[in-house]
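What follows is a set of notes on a single structure, which appears directly below.
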Amino acid sequence: MKSSEIRSAFLEFFRENGHEIVSSSSLVPHDDPTLLFTNAGMNQFKDTFLGREQRAYNRATTSQKCVRAGGKHNDLENVGYTARHHTFFEMLGNFSFGDYFKPDAIRFAWTFLTEKLQLPTERLCVTVYETDDEAYNIWLNEVGVPAENIIRIGDNKGAPYASDNFWQMGDTGPCGPCTEIFYDHGDHIRGDRPGTPEEDGDRFIEIWNIVFMQYNRQAGGTMEPLPKPSVDTGMGLERIAAILQGGHSNYDIDIFQNLLKDAAKILGGVSIDEASLRVIADHIRSSSFLISDGIMPSNEGRGYTLRRIIRRACRHGHKLGSSQTFFYKLVASLVREMGDAYPDLAKHQAQIERILLQEEEQFTKTLDKGMKLLEDKLQGLSGSVIPGEVVFTLYDTYGFPVDLTSDIARERELTVDEEGFEKLLEAQRERARAASKFGVDYSEQLVVEGATDFTGYEKLQDGAEVTALFVEGQAVDTVAEGQQATIVLQSTPFYAESGGQVGDTGLLQFEGGQAKVLDTQKQGDNHLHIAELAQGNLRLGDSVSAYVDIEARKATELNHSATHLLHAALRNVLGEHVTQKGSLVDPDKLRFDFSHFEAVKPEELRTIERLVNQEIRDNSAVSTELLDMEAAQAKGAMALFGEKYGEEVRVLTMGSEGFSVELCGGTHVNRTGDIGSFRIISESGIAAGVRRIEAVTGLASVGYQEKLEDTLKCVASLVKGSQENVQSKVVSLLDRNKELERELQKLQQKLASAGSADLLSKVVEVNGIKVLATVLEGVDPKSLRDMVDQLKGKIQTGVVFLAMPGHAKFPLVAGVTKDLTGKVKAGDLLKMVAEQVGGRGGGRPDFAQGGGADAAKIEGAIQSITPWLQERL
């Protein structure tokens with residue numbers, strides 16, 4: 001049976017037995033901080049097992065996509081070295097939520113395996129938890145499994161909360177005793193039955209696990225009975241497919257064999273038995289499915305695990321001799337294999353390919369350097385341990401994940417100094433924590449002691465003392481009238497540029513004069529007022545009255561608050577992969593850059609705009625609070641792009657029901673309604689995977705709307721219509737324009753036809769073959785192809801070459817009648833001429849086109865056609 005047929009047969013069997021077929025959940029576990037990725041079929045039913053959630057059914061069956069490549073369940077480093085470890089796999093499962101229990105669960109499993117799949121019973125044995133007499137007796141007396149094939153398995157003493165037959169999802173959560181079914185692959189394979197010293201061999205393979213969900217394990221290890229005993233089962237699709245398809249390794253099954261063959265072809269015909277190829281085939285599955293579920297490569301959390309998987313695959317491709325990007329090309333093969341079962345995979349194919357290509361291109365740039373460094377270090381290595389310093393340098397400088405270095409070490413029978421690496425990594429973290437302060441350090445490094453007390457959250461004017469003065473970067477005691485200076489105050493209401501918000505402008509008044517503040521920047525803990533002395537002289541120690549430009553500050557706050565609502569709306573509409581990549585907030589507009597790998601559709605932009613305006617109309621209060629980082633993260637706060645944070649952070653909550661929660665040190669409105677209105681004025685791409693939205697708020701939004709209305713009135717007047725019918729009037733004009741273009745094209749074709757008749761007089765013979773090679777003027781370039789076809793038809797056997805040097809990049813076309821393409825190819829002819837005039841081109845044997853750049857050389861190039869043809873005809 002094909003893997004797809006096994007999946008369908010499983011789901012249909014349980015549907016016939018009263019189970020609801022439930023779609024696979026995302027690989028991102030929602031509302032479950034205990035899991036990095038979905039790693040089992042029961043994850044999406046966790047709250048149902050706990051009694052917190054009620055569903056419309058009490059029996060379910062799924063084919064759940066799973067990833068085990070991080071956290072407590074991590075198979076990443078074993079992939080490629082074993083027959084059954086994967087980063088991505090499919091778990092077939094059936095579940096009972098307080099409905100049936102042990103007898104039915106066991107009966108369903110045995111019936112499906114022995115009757116539906118027709119596995120020989122003599123090849124099967126089962127295990128039960130050592131104290132679970134009920135399960136033992138069901139197998140023995142009701143199913144009829146011989147006593148010698150029922151094995152009691154006890155606790156695994158090597159782990160505090162684990163046992164071979166007591167299952168749990170993590171340190172906490174639903175758990176219970178389980179019974180497992182094993183398949184015997186035969187005595188020609190190393191290994192023995194479970195519970196024996198040789199159980200780790202590959203002869204007996206677990207194919208089905210039935211968990212009798214009875215408890216909820218608490219953080220301290222205690223277990224509380226669940227409200228209703230339930231059942232969670234799992235059967236790995238890849239494992240059962242290997243059995244039914246006559247193989248032993250999971251990589252022998254149809255899905256992997258096709259991926260391996262395609263990968264081998266892309267990499268230049270390497271053997272599909274290569275271990276590196278198995279790594280690549282496995283990793284294209286996990287990478288593609290993770291991206292499909294909205295995870296983007298990054299340097300933290302799930303995104304970092306994805307990046308590690310991608311880079312590991314690229315490294316193995318490099319090991320097989322690939323010097324070009326290849327990994328992304330396998331997405332199409334994966335979609336062919338699994339796109340029907342998982343439509344989102346096909347839906348996101350183009351996006352997955354773009355992300356993988358970008359990641360591979362970035363990593364390829366550093367891979368060679370990193371490998372060279374490692375090779376150099378290994379040459380002088382004494383012993384079999386790669387020092388922690390080398391591992392850290394590879395990680396810190398070249399972006400090598402530690403497991404990638406470990407992978408290379410393993411291949412060479414070496415180990416890595418993980419403890420030394422961890423010490424260096426922790427030292428780096430300590431340095432980062434010590435230097436972590438809210439705000440941005442600017443490049444002009446002035447020697448300033450102390451710290452400015454920022455009072456601008458509460459005040460827009462304040463009194464202060466001058467603590468430092470700088471002119472052209474040099475410390476001074478006095479600034480004279482007309483000079484530009486950097487002024488540092490003991491305290492200030494002026495906001496210094498950071499977090500995308502521009503620095504405040506305004507006025508400093510002092511006895512006998514005033515200074516106009518043009519900008520406010522930040523250096524360390526000090527606010528730097530970039531000012532121009534408009535009147536009087538300012539001295540160290542002077543008292544000043546600081547006045548922030550209220551209108552500019554308020555307008556900036558509208559835009560800054562709107563960026564928070566926009567960020568939340570983008571994630572709501574486009575997905576949680578959206579993260580802020582930069583912003584600029586000033587009094588006139590807002591600019592927001594974010595991660596997204598395709599243009600935002602017009603209907604999506606409209607929805608985003610409406611969401612933001614709905615939050616503005618709700619006029620909810622904006623709250624700020626100071627929390628430690630742990631508490632802020634627990635509240636769901638997102639950090640702003642480009643910011644550094646200390647131990648205490650400022651958490652901004654905005655919108656109804658916590659619509660937006662972010663860490664932000666900027667200034668904001670008191671209520672969302674203060675923003676007034678929000679209009680998106682543009683959306684564009686600025687880099688690979690990064691989009692930009694520009695928008696306006698408040699009075700600027702009103703002005704933008706007025707400008708649109710003025711434009712609409714102007715267009716309506718030009719087309720002699722009204723605002724109500726302007727669209728139909730414009731459509732009518734465009735249709736008429738297209739009609740005139742078609743008429744013009746027909747006329748040009750007629751002229752070209754007439755002109756082709758005149759061109760026949762320029763035909764010459766080369767070795768008995770008619771040849772027309774000439775320069776044209778006054779002909780529509782779009783007509784050249786038709787003209788070539790007409791001329792070929794009239795000369796019947798021959799060669800045509802036409803050029804129009806009257807353009808900056810002038811067109812070249814070549815045609816060869818089909819009876820001569822065995823001797824002369826149009827593409828070769830065009831390439832020969834194009835190279836002489838600084839151009840290029842190509843095409844089919846009977847027709848080719850291209851362009852030239854140096855018109856002065858075209859006559860000489862055309863003259864070279866005759867001797868070129870004489871060599872071939």
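Since the structure is predicted, the reported quantities are computational estimates derived from the model, not experimental observations. Here, residue 1 is the first one in the sequence, and each next residue gets the next number.
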Give a yes or no on whether a salt bridge exists between [X] and [Y], defined as a side-chain N under 4.0 angstrom from a carboxylate O.
{"X": "Arg107", "Y": "Glu142", "answer": "no"}
{"X": "Arg152", "Y": "Asp132", "answer": "no"}
{"X": "Asp262", "Y": "Arg336", "answer": "yes"}
{"X": "Glu90", "Y": "Lys65", "answer": "no"}

Evaluation steps, side chain to side chain contact (heavy atoms under 4.5 Å, CB included), between Lys347 and Ser292: CA-CA 8 Å; Lys347 178 182 176 182; Ser292 177; over 6 Å; no
Does the ring-ring contact (aromatic ring centres under 6.0 Å, His included) test come out yes or no for Tyr129 and Phe212, once each step is laid out? CA-CA 10 Å; Tyr129 190 50; Phe212 304 121; over 10 Å; no
Measure from the ring center of Phe112 to the ring center of Phe13 and say whether it is less than 6.0 Å.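 Ring centres of Phe13 and Phe112 closer than 6.0 Å.
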Heavy atoms only: give me the nearest [X]-[Y] pair and the separation to one decimal.
{"X": "Val211", "Y": "Gly176", "result": "CG1-O, 3.9 Å"}
{"X": "Leu277", "Y": "Ile272", "result": "CD2-CA, 3.5 Å"}
{"X": "Val331", "Y": "Ser288", "result": "CG2-OG, 4.0 Å"}

Is there a side-chain contact between [X] and [Y] in this structure, where contact means two heavy atoms from C-beta onward sitting under 4.5 Å apart?
{"X": "Asp282", "Y": "Tyr251", "result": "yes"}
{"X": "Gln64", "Y": "Ser25", "result": "yes"}
{"X": "Asn572", "Y": "Leu611", "result": "yes"}
{"X": "Thr305", "Y": "Leu290", "result": "no"}
{"X": "Glu206", "Y": "Asn209", "result": "yes"}
{"X": "Ile608", "Y": "Leu570", "result": "yes"}

Do [X] and [Y] pair up side chain to side chain, a donor and an acceptor below 3.5 Å, judged on atom types alone?
{"X": "Asn94", "Y": "Thr233", "answer": "yes"}
{"X": "Thr579", "Y": "Ser595", "answer": "yes"}
{"X": "Glu360", "Y": "Thr325", "answer": "no"}

Please walk me through it: do Phe10 and His19 pass ring-ring contact (aromatic ring centres under 6.0 Å, His included)? CA-CA 11 Å; Phe10 180 91; His19 292 64; 9.0 Å; no
Which pairs, with at least one residue in residues 110-123 and sequence neighbours excluded, count as a side chain to side chain donor-acceptor pair (under 3.5 Å)?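 Found Arg123-Tyr183.
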Which residue pairs pass the salt bridge (charged side-chain N to carboxylate O under 4.0 Å, His left out) test when at least one of the two sits in residues 228-252, sequence neighbours left out?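 Residue pairs with at least one partner in residues 228-252: Glu238-Arg285.
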With under 30° as parallel and over 60° as perpendicular, where do the rings of His86 and Phe256 fit, or are they tilted in between?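 The arrangement is parallel - the two ring planes meet at less than 30°.
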Between Phe289 and Tyr342, how do the two ring planes meet: parallel, tilted or perpendicular, split at 30° and 60°?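 Answer is perpendicular, since the angle exceeds 60°.
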Side chain to side chain donor-acceptor pair (under 3.5 Å) between Asp202 and His185, worked out: CA-CA 8 Å; Asp202 285 335; His185 278 274; over 6 Å; no
Over 12 non-hydrogen atoms of neighbours within 6.0 angstrom of CG in Asp340: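 No, the 6.0 Å shell around CG holds no more than 12 heavy atoms from other groups.
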Show, in sequence, the C-alpha distance, side-chain angles and deciding distance for Phe95 and Phe45, and conclude whether the ring-ring contact (aromatic ring centres under 6.0 Å, His included) test is met. CA-CA 9 Å; Phe95 308 90; Phe45 303 118; 4.8 Å; yes
Pick one: which of Thr127, Asp184, Asn149 meets side-chain hydrogen bond (donor to acceptor under 3.5 Å, both in side chains) with Arg193?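 Result: among Thr127, Asp184, Asn149, Asn149 is the only option passing the side-chain hydrogen bond (donor to acceptor under 3.5 Å, both in side chains) with Arg193.
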So, is the end of the Arg59 side chain (NZ or CZ) under 6.0 Å from the ring centre of Phe97 and within 45° of the ring's axis?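 Ring-cation test returns no.
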